[in-house]
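Working notes, structure below.
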Amino acid sequence: MKSGTRKLWTYVVFVAPALFFFTLIILVPFLRAILYSFQDWNGINSDIAWAGWDNYAAILKDTGFHKSFAFTLKFVFVTTILLNLFGFLLALVLNMSLKSRNLLRTAFFLPYVIGPVIIGFIWQFIFTNLFAEIGKVTEWSMFMKNWLSLPSYAFWSLVIVTVWHSVGYFMVIYLAALQGVPADLLEAAEIDGAGRWKRMLNVVLPLIRPAITINLFLAISSGFKAFDLNFALTRGGPFGSTESIAYHIYLDAFTKNLFTLASAKAVVFFLVLAGITLVQVSVMKRKEVEM
């Protein structure tokens with residue numbers, strides 16, 4: 001067997017399983033969702049009618065979808081800032097010569113390996129039971145309220161749990177980028193009289209821009225796709241005030257039996273998310289080249 005043919009078969013053997021499962025689990029359902037979005041079907045019976053653009057027209061009048069979209073935008077904006085800010089600050093601290101830095105890195109990353117649904121149920125207990133006990137002891141008003149029953153508090157409950165759960169992952173990416181910054185560049189900048197703040201702005205941040213691009217992409221995409229914590233912690237409540245787009249689509253499809261309408265919303269959701277992330281990555285990549 002020629003070396004070229006052998007390499008080709010090697011690629012096929014290693015790539016084919018991943019390509020097969022990608023097609024089966026992602027590509028085929030996505031294409032079927034596009035087809036369903038132009039049909040009228042409740043997902044149960046065998047009567048499927050052609051609806052054309054009716055489902056997409058219905059989205060324009062669906063106030064519940066608009067409310068979920070507004071909540072998701074707000075959630076993505078806040079969590080993207082906080083995850084990147086705290087992830088970067090933690091990476092800065094744990095990049096120093098601390099005796100316990102390995103232990104601290106493990107401690108901050110550990111929540112990320114726990115399933116979001118489990119995290120949601122744990123924090124639900126904390127917000128509803130532990131906070132009440134703390135409120136009785138301290139008499140602080142913020143702990144005496146049921147966070148999950150008040151819209152503004154429920155929003156920040158989701159934000160707090162999301163940041164606590166995922167900040168360790170962002171920290172690891174920033175930490176890897178910081179460790180890749182050449183020490184001689186920092187020493188040269190210090191010799192030239194650059195203070196700590198100037199070294200951060202003019203040396204460190206430009207060199208870790210690829211990590212910033214990755215973390216912004218991960219924060220935006222994961223924020224838009226938020227479902228697990230939303231489902232386990234608040235279930236979209238109170239009064240639908242914390243209902244994310246993903247959870248809204250799930251409710252339409254599997255509780256209201258609006259399967260084709262949910263498919264149309266999923267297609268619109270995909271287009272919006274793809275557009276935002278493509279713009280974000282292209283802008284950040286352009287800045288990397290300029291630097």
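Here the structure is a predicted model, which means the values were calculated and not measured.
For residues 261-274, the set of pairs meeting the side chain to side chain donor-acceptor pair (under 3.5 Å) definition, not counting sequence neighbours, comprises D62-K265, H248-K265, D252-K265. Applying the side chain to side chain donor-acceptor pair (under 3.5 Å) rule to pairs touching residues 157-167 yields nothing, sequence neighbours excluded. Sorted by first and then second residue, the side chain to side chain donor-acceptor pair (under 3.5 Å) pairs involving residues 72-84 (not counting sequence neighbours) are N84-Y174. Sorted by first then second residue, the ring pair (Phe, Tyr, Trp, His ring centres under 6.0 Å) pairs that include residues 20-44, not counting sequence neighbours, are F30-F270, Y36-W41, Y36-F259, F38-W53, F38-Y56, W41-F259.
Residues N102 and T106 fail the side-chain proximity criterion, which asks for heavy atoms closer than 4.5 Å. The shortest side-chain heavy-atom distance between I173 and L218 falls under the 4.5 Å cut-off. Looking at D40 and D54, their side chains never come closer than 4.5 Å, going by heavy atoms from C-beta outward. You'll find the side chain of T128 stays beyond 4.5 Å of the side chain of W147, heavy atoms only.
Between F75 and F71, the ring planes lie parallel to each other; the angle is under 30°, not in the 30° to 60° tilted range. Classification of the F231-Y250 ring pair by plane angle, with boundaries at 30° and 60°, yields perpendicular.
The closest donor-acceptor contact from the side chain of N55 to the backbone of Q39 lies under 3.5 Å. For S100 (side chain) and L103 (main-chain N/O), no donor-acceptor pair under 3.5 Å exists by modelled atom type.
Counting all heavy atoms, side chain and backbone alike, T277 lies closest to A274 at OG1-O, 3.2 Å. Nearest heavy atoms, L175 versus R105: CD2-NE, 3.3 Å.
Within the hydrophobic cluster formed by Ile, Leu, Val, Met, Phe, Trp and Tyr side chains joined at under 4.5 Å, directly or through other members, V117 is accompanied by F121.
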Quick one: side chains of residues 135-143, donor-acceptor pairs under 3.5 Å with protein atoms, not counting sequence neighbours, listed by atom name and distance.
| from | atom 1 | to | atom 2 | distance (Å) |
| --- | --- | --- | --- | --- |
| T138 | OG1 | I134 | O | 2.8 |
| T138 | OG1 | W140 | N | 3.3 |

